[in-house]
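Single-structure report; data block below.
Numbered from 1 within each chain, the chains take letters A, B, ... in sequence-line order. Heavy-atom basis, side chains included; hydrogens, waters and symmetry copies ignored.
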Amino acid sequence: MFSQRFHIRGASAELIEVLDRIEALLLEKNLSPDVAGEMRLVAEEALTNVLRHAYESDEETALELTMGIEAAEVRFVLRDGGRAFNPLEAGAPALDLPLEERPEGGLGIHLIRTLTDEQHYAREGEENVLVLIKRREPL
Amino acid sequence: MLKVQLQEGRSFTTTLALEGRLDTDTAADFDEQLDKVLESPMKVLVFDLAKLEYISSAGLRSILRAQKSMKARGGKTLLVNVQPPVQKVLDIVKSVDLRSIFASVKELDAYLDVMQRKVGEGDSLD
């Protein structure tokens, strides 16, 4: 099993570097370009969601993403020390409403739910812990 | 990284060709560029996505903003040459009316020819 940990302080340039690294590692570990791109998207949505909701904009963040790559799955574990926030409690976006009547937001978490097979949230002490799992197609 | 190229051909149409990624890193700059483009009184905004390899919810919000703004003026937003990874995201969020996505520039041109006649005759585009 392969595991890599990333620390993110919230700056956009730094976030993109982490996403580039995640995608490159997934390709290195022989995941398809489609899956690597989708997991990059999952990571972007999860990280920006935490930065937006668990922290004030100028607050220093303690955000960590660990990516595990196994034969059967790819797993992201996000830990942050921000205020308690469970992104999975957000309702599904109103995709059936006409565009101009839709409330803003909710698209990111909808993408995460659709592109991963399992999502779990827990508040552990002073930390939010979000686990996202994508099962791999058997080779 | 996102490159945006502005193309003006038909009198009432503006085409923006996007290359790279429309994501949390590039969406804010793109919104500024869009705002400038939206100041002109064109009726049809075309996004040529032949070289757009990635879009996230931040990028989707930019496209949705443009759609709303165009709709408010009785105009249209059209997408052409959407690549599979981007199409998958559009499908998941159902953010784009499927009738406004064109597989090729040829298809788009045929549609715009009809629209141009309508505009010439003073009809609404809806």
Please check if any side-chain donor atom of B:S56 sits under 3.5 Å from a side-chain acceptor atom of A:E44, or the reverse. yes

Any ion pair linking B:R65 and B:D35 (charged N to carboxylate O, less than 4.0 Å)? yes

Under 4.5 Å to a heavy atom of chain B? For A:I16 that would be side chain

Do the side chains of A:R135 and A:E118 get close enough for a salt bridge, i.e. N-O under 4.0 angstrom? yes

Which atoms of A:L115 are under 4.5 Å from chain B, going by heavy atoms: the side chain, the backbone, both sets, or neither? side chain

Please classify the contact between A:E14 and chain B as side chain, backbone, both or neither, with a heavy-atom cut-off of under 4.5 Å. neither

Any ion pair linking A:E38 and A:K134 (charged N to carboxylate O, less than 4.0 Å)? yes

Per-residue contact mode, A:R113 against chain B (heavy atom under 4.5 angstrom): neither

For A:F6, does the six-membered ring have the charged nitrogen or CZ of A:R21 within the cation-pi criterion, i.e. under 6.0 angstrom from the centroid and within 45° of the normal? no

Which residue out of A:L19, A:L111, A:L47, A:D34 racks up the most heavy-atom pairs below 4.5 Å with chain B? A:L111

Given that the side chain runs from C-beta out, which part of A:N49 has a heavy atom under 4.5 Å from chain B: side chain, backbone, both or neither? neither

